[in-house]
Amino acid sequence: MTARTLRGLLAGLVVVALAATGLVWRAQDDPQPATARGAAGPTPRATPTEQTTGQSPGQTGEGIVSLPDLEMARSVTREDSYYPDAGDPGIDSLHHDLVLAWDPDDETLTATDTLAFRVTADADEFRLDLGEPLEVASTVLDGEEVPHEHTGKDLVVQAQVQEGSEHVVEIAYSGTPEPVPAPTTRQDFSTVGWTVTTGGEVWTMQEPFGAYTWYPVNDQPADKALYDFTITAPAPFVGIANGTLESRIDGDLGTTTRWHTDEPMSSYLTTIAIGDYVTEEQVTDSGVPVSLWVPRDKQAAMAKVRYAREAIEWIESKLGPYPFSSAGIVVTDSRSGMETQTMVTLGDDDYVLSKKVIVHEMVHQWYGDQVTPTDWRDVWMNEGMTMYLQALYESEHGGPSMKAAMARYAAADGFLREQAGPPGDYDPGTFGEGNIYYIPAVMWDELRQRIGDDAFWSMVRSWPTVHDNSGATREDYLDWVEQTTGEELSGFFDAWLNGDSTPSTT
């Protein structure tokens, strides 16, 4: 997520408290949640799931997902230590084929999710997260309809399953999705999930959870899956999602787009935007295609997001090749930014559309998307290194020197720990606050000074490739750093990540 903590976190006394350090953030009002209403909407096109001997459960529509593709999406699932109500480690999602039809007039979503999954433990039922306002019409498991219960956000499919078995469940549902409260005190967002504007446009952001507001999902970051999206909306609206645009059909019933991801992602990294959009295409010097999507009535934003190509090229010079087959940015009517995989979601706001924030969200494609924390207690693994790279970018483009930036971050350390806790043991009600950004950024700079530039940058470039397309625990990460650097760092990391007070700095 964008480092907007520096804008919305610290207002009033906070600004006064930090004025002496030179750290100044500007506050902004919370976004207003969408008003929910509506009835039945259009019925999306869906094709029965195809299966062939020797192949794993596949996608609806064109083609079949082959066994090697699904192997890529196998995950070690877990219950989240911070937000255990979201997700269920009993299943490992492998592939979602989402067919979505949006009616902006009555704000109704009609959808089918065909989910291929692996069972991780014997059970008489399995559970997915799905928003309470959505009504499930049917659950079909391996071609046979089975009973289900949908209470609150828990969709329980009543069918006996065995550990290691793989299945396909097709879930048909409809209704008006509603965003849910976010566990944060930030002011640039207060809700997460499917959000509707006054004109019926849609955008989604869902960190640390909220994907379940619009589709059935194991909504926990350890479970990565492949995705296909088919989105239909009446003209002039068009649907945008992660991955590459495989097809676009403009017909009498509206515009249908099909999007495909060829590498797995966590549910919080999915994105949907539906509205009247214009688009442009770029290609980086390394050959990465970049698609830019901006609302037709906000085309001034296009000039800003064109920086995506240069941002990726700068990051590649520091971290190595871009880790996915495509990149993109979609601008929405929000007030924050999110590193949604391959299609970054940015609010229509001068700060969020700034070059440094574009760089920040693109760095996340390596740190957060390519390799993802398996538990939300370790969101610092995403934000600390990304904030460090953002500071480096600013230092090389007319901003404060790295020495000055790290001194300013360090000066705020004590206040940030007091406000939300240490970055590795934060208060769960303060998700995404400045402690997970600025404190670990200083920690990484202290490590750089300890081991030297060459060893440090070799480590920084290598880590995302070591866990390519997978998740990692804190222990995975820190043990790997020790092995790679040859340093004993347990005390160092414990002080920075879990300590109540600011460690000494160089």
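All values below were derived from every heavy atom in this structure, side-chain atoms included, with hydrogens, water molecules and symmetry-related copies excluded.
- Between Asp425 and Arg377, none of the side-chain N atoms (NZ, or NE/NH1/NH2) sits under 4.0 Å from a carboxylate O, so this pair counts as no salt bridge.
- In summary, the side chains of Thr372 and Lys224 do present a donor paired with an acceptor at a separation below 3.5 Å, with no hydrogens or angles considered.
- For Thr386, the side-chain hydrogen bond (donor to acceptor under 3.5 Å, both in side chains) test picks out His364, with sequence neighbours left out.
- Residue Trp214 is tested with Leu98, Leu130, Thr195 for a side chain to side chain contact (heavy atoms under 4.5 Å, CB included); the sole match is Leu98.
- Judged by distance alone, the side chain of Arg127 and the main-chain N or O of Gly87 form a donor-acceptor pair under 3.5 Å.
- Atom CD of residue Gln449 and atom CD1 of residue Ile451 lie 11.0 Å apart, to the nearest 0.5 angstrom.
- A distance-only check finds no donor-acceptor pair linking the side chain of Asp378 to the backbone of Gly424 [under 3.5 Å].
- Arg474 contributes atom CZ, which lies 5.5 Å from atom CG of Leu497 (distance to the nearest 0.5 angstrom).
- In this structure, Thr77 OG1 and Ile91 CD1 are separated by 8.5 Å, a value rounded to the nearest 0.5 Å.
- Of the possible donor and acceptor atoms, none in the side chain of Arg417 sits under 3.5 Å from a partner among the backbone N and O of Asn435.
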Working note: Phe456 + Tyr388, criterion ring-ring contact (aromatic ring centres under 6.0 Å, His included); need CA distance, chi angles, decisive distance, verdict. CA-CA 12 Å; Phe456 177 78; Tyr388 189 75; 5.7 Å; yes
Given the rule in the side-chain hydrogen bond (donor to acceptor under 3.5 Å, both in side chains) test, do Asn242 and His260 qualify, once you have shown the distances and angles that lead to the verdict? CA-CA 7 Å; Asn242 308 82; His260 172 70; over 6 Å; no
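- In the model, Thr506 has a side-chain atom that pairs as donor or acceptor with a side-chain atom of Glu446 under 3.5 Å.
- For Tyr215 and His96, the ring centers are positioned less than 6.0 Å apart.
- The ring pair (Phe, Tyr, Trp, His ring centres under 6.0 Å) with Trp444 is formed by just one residue from the set Trp496, Phe492, Tyr477; it is Tyr477.
- Salt-bridge formation is detected for the pair Glu396/Lys318: a Lys NZ or Arg NE/NH1/NH2 atom is positioned less than 4.0 Å from an Asp or Glu carboxylate oxygen.
- At least one side-chain heavy atom of Glu339 sits less than 4.5 Å from a side-chain heavy atom of Leu269.
- Side chains of Thr191 and Val180 form no contact here, defined as non-hydrogen atoms less than 4.5 Å apart.
- In this structure, the side chains of Tyr227 and Gln341 stay at 4.5 Å or more apart for every pair of heavy atoms.
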Apply side-chain contact (heavy atoms from CB on, under 4.5 Å) to residues Tyr437 and Leu416 and explain how you reach the verdict. CA-CA 10 Å; Tyr437 291 81; Leu416 295 173; over 6 Å; no
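- Here Tyr268 and Trp376 bring their ring centres to under 6.0 angstrom of each other.
- Between Tyr82 and the choices Phe209, Tyr426, Phe431, the ring pair (Phe, Tyr, Trp, His ring centres under 6.0 Å) rule is met once, by Tyr426.
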Output, in order, the C-alpha distance, side-chain angles, deciding distance and verdict of side-chain contact (heavy atoms from CB on, under 4.5 Å) for Met265 and Asp369. CA-CA 7 Å; Met265 61 183 170; Asp369 297 10; over 6 Å; no
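- Under 4.0 Å is where a charged nitrogen must lie from a carboxylate oxygen, and between Arg74 and Asp92 no such pair does.
- With values rounded to the nearest 0.5 angstrom, Asp97 atom CG is found 8.0 Å from Asp113 atom CG.
- In this structure the side chain of Lys355 never reaches within 4.5 angstrom of the side chain of His397, judged on heavy atoms.
- The side-chain heavy atoms of Thr473 and Arg78, taken from C-beta on, include a pair separated by under 4.5 Å.
- Note on ring orientation: taking the six-membered ring where Trp is involved, the planes of Tyr438 and Tyr409 are perpendicular (angle over 60°, cut-offs 30° and 60°).
- Counting heavy atoms from C-beta on, the side chains of Met205 and Val192 never come closer than 4.5 Å.
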Applying side-chain contact (heavy atoms from CB on, under 4.5 Å) to Ile358 and Leu346, what does each step give before you reach the verdict? CA-CA 8 Å; Ile358 291 173; Leu346 296 179; 3.9 Å; yes
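- A donor-acceptor distance shorter than 3.5 angstrom exists from the side chain of Glu316 to the backbone of Tyr322, with no hydrogens or angles considered.
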Let's go through Ser81 and Asp375 carefully: what are the C-alpha distance in whole Å and the side-chain angles of both, what is the deciding distance for side-chain hydrogen bond (donor to acceptor under 3.5 Å, both in side chains) to 0.1 Å, and is it a yes or a no? CA-CA 7 Å; Ser81 67; Asp375 191 282; 2.6 Å; yes
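- Between the side chain of Arg118 and the main chain of Ser75, a donor-acceptor pair closer than 3.5 Å is present.
- Here CG of Asp88 is found 10.0 Å from CG of Asp223. Values are rounded to the nearest 0.5 Å.
- No donor-acceptor pair closer than 3.5 Å links the side chain of Thr184 to the backbone N or O of Gly432.
- Contact of the Val344 side chain with the Gln365 side chain is registered, since non-hydrogen atoms from C-beta on lie closer than 4.5 Å.
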Would you check, one step at a time, whether the test side-chain hydrogen bond (donor to acceptor under 3.5 Å, both in side chains) holds for Thr430 with Thr185? CA-CA 6 Å; Thr430 62; Thr185 60; over 6 Å; no
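- Between the Glu482 side chain and the Leu489 main chain, a donor and an acceptor come within less than 3.5 Å of each other.
- Of the inter-residue distances, the one linking Ile272 atom CD1 with Met343 atom CE reads 10.5 Å to the nearest 0.5 angstrom.
- Looking only at atom types and distance, the side chain of Thr345 has a donor-acceptor partner in the side chain of Thr340 under 3.5 Å away.
- There is a side-chain donor-acceptor pair under 3.5 Å between Gln206 and Thr270.
- Using a 4.5 Å cut-off on side-chain heavy atoms (C-beta onward), Trp203 and Thr197 make contact.
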Check the pair Trp102 / Ile231 against side-chain contact (heavy atoms from CB on, under 4.5 Å), numbers first and verdict last. CA-CA 8 Å; Trp102 175 244; Ile231 310 168; 5.8 Å; no
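- Partners of Ala404 by side chain to side chain contact (heavy atoms under 4.5 Å, CB included), not counting sequence neighbours, listed by chain and number: Pro400, Ser401.
- Looking at every heavy atom in both residues, Ser267 comes nearest to Ala211 through O-CB, 3.8 Å.
- A salt bridge is absent between Asp188 and Arg335: the closest approach of a Lys/Arg side-chain nitrogen to an acidic carboxylate oxygen does not fall below 4.0 angstrom.
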Stepwise side-chain hydrogen bond (donor to acceptor under 3.5 Å, both in side chains) check, Thr284 with Ser286: CA-CA 5 Å; Thr284 68; Ser286 60; 3.0 Å; yes
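- Here the side chain of Ser462 pairs a donor or acceptor atom with the backbone of Ser458 at under 3.5 angstrom.
- The number of heavy-atom neighbours closer than 6.0 Å to CD of Glu313, taken from other residues, nucleotides and ligands shown, is above 12.
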Evaluate the salt bridge (Lys or Arg N to Asp or Glu O under 4.0 Å) criterion for residues Asp350 and Lys304: first the C-alpha distance (whole Å), next the side-chain angles of each, then the deciding distance (0.1 Å), finally the verdict. CA-CA 9 Å; Asp350 287 342; Lys304 298 177 180 180; 2.7 Å; yes
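- Classification of the Phe117-Phe126 ring pair by plane angle, with boundaries at 30° and 60°, yields tilted.
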